[in-house]
There are 2 protein chains.
Amino acid sequence: MARLAGVSQSAVSRTFTPGASVSPVMREKVVAAAAALGYQPNLIPRIMATGRSEIIAVAAGGFYNPYFTDILEVLVQMLRDAGKQMMLVHTESDLALDGVVSELARYRVDAVVTPLSIRSRSVADALNALRIPIVTLNAGVTGGLIRAVISDSETASARAAQLLCRAGGTRFGYIGGPESPQQNLREQGFARQLSIRGVHEYARAIGNFDYDGGYRAALQLFEQGRPDAIYCMNDLAALGAMDAIRSRLGLRIPEDVLIMGYDNIAMSQWPTYDLSTFDQDKPAIVRAVLAQLGETAPQLAPIRIPASLIERRTTSRSTEVA
Amino acid sequence: MARLAGVSQSAVSRTFTPGASVSPVMREKVVAAAAALGYQPNLIPRIMATGRSEIIAVAAGGFYNPYFTDILEVLVQMLRDAGKQMMLVHTESDLALDGVVSELARYRVDAVVTPLSIRSRSVADALNALRIPIVTLNAGVTGGLIRAVISDSETASARAAQLLCRAGGTRFGYIGGPESPQQNLREQGFARQLSIRGVHEYARAIGNFDYDGGYRAALQLFEQGRPDAIYCMNDLAALGAMDAIRSRLGLRIPEDVLIMGYDNIAMSQWPTYDLSTFDQDKPAIVRAVLAQLGETAPQLAPIRIPASLIERRTTSRSTEVA
DNA sequence: TTGAAAGCGTTACCAC
DNA sequence: GTGGTAACGCTTTCAA
């Protein structure tokens with residue numbers, strides 16, 4: 001009610017609306033009054049009047065994975081720079097997504113961003129029915145209001161196969177996660193490149209995206225044979241695998257076993273691990289997400305963000321130099 | 001406008017208000033109509049009418065520290081269970097807090113939760129002036145609308161000194177973080193217990209709460225002397241210290257150096273580290289925060305949540321058994 | 001450029 | 001137990 005201190009509410013509204021026409025005199029009066037009263041316009045009625053909240057919801061889970069929390073941090077910062085607020089909800093599976101989104105809809109959030117993969121057409125349909133734009137940071141079903149920004153896993157994974165071969169790998173292993181689009185893309189990219197190079201077989205084990213999963217998967221891999229070059233679909237699992245290989249199996253890395261991950265989480269560069277991996281350009285990913293938030297026309301294809309190879313000690317076997 | 005499908009808006013409002021008096025018949029009619037139209041009450045006008053948003057804001061930084069993201073995860077889940085939403089904003093320093101909170105105020109958030117320590121009276125005053133309840137997960141200035149829920153650092157740190165002595169430590173070291181209330185409490189608790197045990201000197205080095213800080217601090221510690229028992233104010237720094245001690249200094253843990261941390265982050269139990277530490281009971285902490293959100297009377301003293309000792313290999317020297 | 005007035009979709013209060 | 005009606009504090013449209 002800052003309008004007691006000057007003129008009409010229209011004037012106040014206009015001074016606080018970016019591109020409105022107010023005379024300098026008017027604006028000055030209003031600003032002075034606002035400062036005196038410590039007045040700040042309430043955003044709630046604005047949302048009601050305009051239908052836009054400037055709130056972006058993020059539905060995420062897996063906070064144990066530094067990759068997700070890194071993305072979350074970049075996202076929360078860039079959203080704020082873009083003048084938007086973030087509402088955060090915890091969601092473990094895409095199956096729960098439509099429930100979460102419909103709840104969020106009641107707050108009139110402008111869009112939902114999620115690292116979850118939308119795995120089925122039925123979930124996608126339920127989501128589209130809610131009429132809220134969704135940007136997923138994962139491969140999966142898209143179309144309608146669902147858009148995707150993904151890491152270019154196939155290209156990177158082919159590169160991994162290449163590097164492991166060059167570094168002297170001869171018996172390959174792959175540690176993946178539960179069935180999911182990214183899991184499949186990474187394994188395919190890896191397998192294809194291997195087969196181009198004449199390697200048509202490799203051991204595989206499925207972990208759970210986390211450290212323990214990688215630890216167990218590595219042991220399984222060695223029950224099947226004696227791989228000397230392992231590609232893991234994410235760093236956290238790779239670190240678990242490294243520990244299993246070193247402490248449980250008593251093998252050396254990279255001398256006995258080469259290993260690579262994906263994500264470039266902070267721990268991967270700790271000297272104990274010094275893991276070769278692919279860096280996902282988080283700012284680029286988030287920028288792409290923000291750009292998608294502005295778009296309205298259905299997306300033709302997911303935006304692919306290239307990942308860059310980070311070579312560290314786990315792939316630098318001396319034979320390479322020899 | 002589900003009211004086209006039955007009766008008055010008051011009736012609709014009542015069916016969607018938990019403790020309201022509606023006849024089963026009425027409720028049935030409304031629910032049916034809502035289901036048919038896919039109607040869900042818009043929460044924005046409700047906020048405007050009631051003044052309560054059921055939104056709790058969280059102002060946090062330091063996502064690189066798993067302790068914070070663990071707390072965040074528990075918080076986001078429990079808030080939801082309590083029927084509230086979380087708005088997340090990134091904030092590195094308490095100095096920025098009043099700016100952030102006043103911005104949040106425009107969304108009519110019910111309260112702000114932050115792991116940041118409110119270090120000065122002037123920041124506290126500025127915050128109180130905004131008339132928004134604040135719960136900090138850290139020691140510091142409280143009073144007015146500012147409440148605190150903290151880990152009982154002093155007791156735990158005394159316990160650390162005790163354990164390191166019993167395990168055979170004779171020359172002590174402490175790795176802390178930048179000046180902050182928790183840093184001081186942990187160092188004091190540790191130092192006091194040492195001095196009770198007749199140890200009046202210890203080496204100290206200041207890191208930066210993170211891995212690199214701990215790594216460098218450990219090296220500094222060993223430039224000052226040759227400590228054989230080190231207490232770190234948090235796990236992340238302890239892990240950095242462990243790597244420095246092992247790879248750079250070539251010493252063994254626990255044979256040559258005992259070490260302890262605080263927080264019990266996931267990585268501390270990885271076999272490579274197997275770090276003794278203090279577990280902060282995150283659900284208990286968050287429950288206490290939620291309880292504080294309901295309180296209105298000024299808080300007399302910060303709520304202290306005990307931390308429990310987790311003994312692992314880094315403090316189990318064989319001399320202990322001897 | 002400015003002011004008046006009508007909405008926005010709820011809740012809250014008051015009769016019935 | 002129910003319906004009517006006045007807020008809530010903005011934006012928007014329309015005249016001046």
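In what follows, every chain begins at residue 1, and chains take the letters A, B, ... in the order their sequences are listed. Note that the structure is a prediction, hence the values are computed from the model and not measured.
Counting only N and O atoms by type, the side chains of Arg106(B) and Gln40(A) include no donor and acceptor under 3.5 Å apart. For the residue pair Ser122(A) and Ser120(A), a side-chain donor N or O sits within less than 3.5 Å of a side-chain acceptor on the partner.
DNA chain D is contacted by both Arg108(B) and Ser21(B); Ser21(B) maps to the nucleotide lying nearer its 5′ end (nearest heavy atom per residue). When the nearest nucleotides of DNA chain D are assigned to Ser23(B) and Asn42(A) by heavy-atom distance, the more 5′-ward of the two goes with Ser23(B).
Taking atom CG of residue Leu43(B) and atom C1' of nucleotide dT11(C), one finds them 12 Å apart after rounding to whole Å. As rounded to whole Å, 17 Å separates atom P of dG9(D) from atom CZ of Arg52(B). If you measure from atom OH of Tyr107(A) to atom C1' of dT10(C), you get 13 Å, rounded to the nearest angstrom. Here dT12(D) presents its P atom at 13 Å from CD1 of Ile47(A), a figure rounded to the nearest Å. Nucleotide dG9(C) holds its C1' atom 11 Å from the CZ atom of Arg46(B), rounded to whole Å. Rounded to whole Å, the distance from CD on Glu28(B) to P on dG1(D) is 17 Å.
Within the helix from dT1(C)-dA16(D) to dC16(C)-dG1(D), the inter-axis angle between the opening and closing five-pair segments is 30°, rounded to 10°.
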**Message:** Let's go through Asn42(B) and Tyr107(A) carefully: what are the C-alpha distance in whole Å and the side-chain angles of both, what is the deciding distance for side-chain contact (heavy atoms from CB on, under 4.5 Å) to 0.1 Å, and is it a yes or a no?
**Reply:** CA-CA 7 Å; Asn42(B) 181 344; Tyr107(A) 278 95; over 6 Å; no

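Leu72(B) is listed as a side-chain neighbour of Val58(B), based on a closest heavy-atom distance under 4.5 Å. When side chains are defined from C-beta on, Arg14(A) counts as touching Val22(A), because their heavy atoms get closer than 4.5 Å. Counting heavy atoms from C-beta on, the side chains of Leu127(B) and Leu145(B) never come closer than 4.5 Å.
Remark: Tyr39(B) is in phosphate contact with dT10(C), judged by side-chain N or O atoms under 4.0 Å from OP1 or OP2. For Ser13(B) and dT11(C), the shortest distance from a side-chain N or O to OP1 or OP2 is below 4.0 Å. Close to dT12(D), at under 4.0 Å from its OP1 or OP2, lies no side-chain N or O of Thr50(A).
Applying the side-chain hydrogen bond (donor to acceptor under 3.5 Å, both in side chains) criterion to Tyr67(B), with sequence neighbours excluded, gives Gln280(B).
Pairing each heavy atom of Thr114(B) with each of Ile134(B), the nearest pair is CG2-CG2, 4.4 Å.
A salt bridge links Arg80(A) with Glu103(B): at least one charged nitrogen is closer than 4.0 Å to a carboxylate oxygen.
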Contact list (N/O, under 3.5 angstrom) for nucleotides 4-6 of chain C vs protein:
residue : atom : partner  : partner atom : Å
dA4(C)  : N7   : Ser10(A) : OG           : 3.3
dA4(C)  : N6   : Ser10(A) : OG           : 2.9

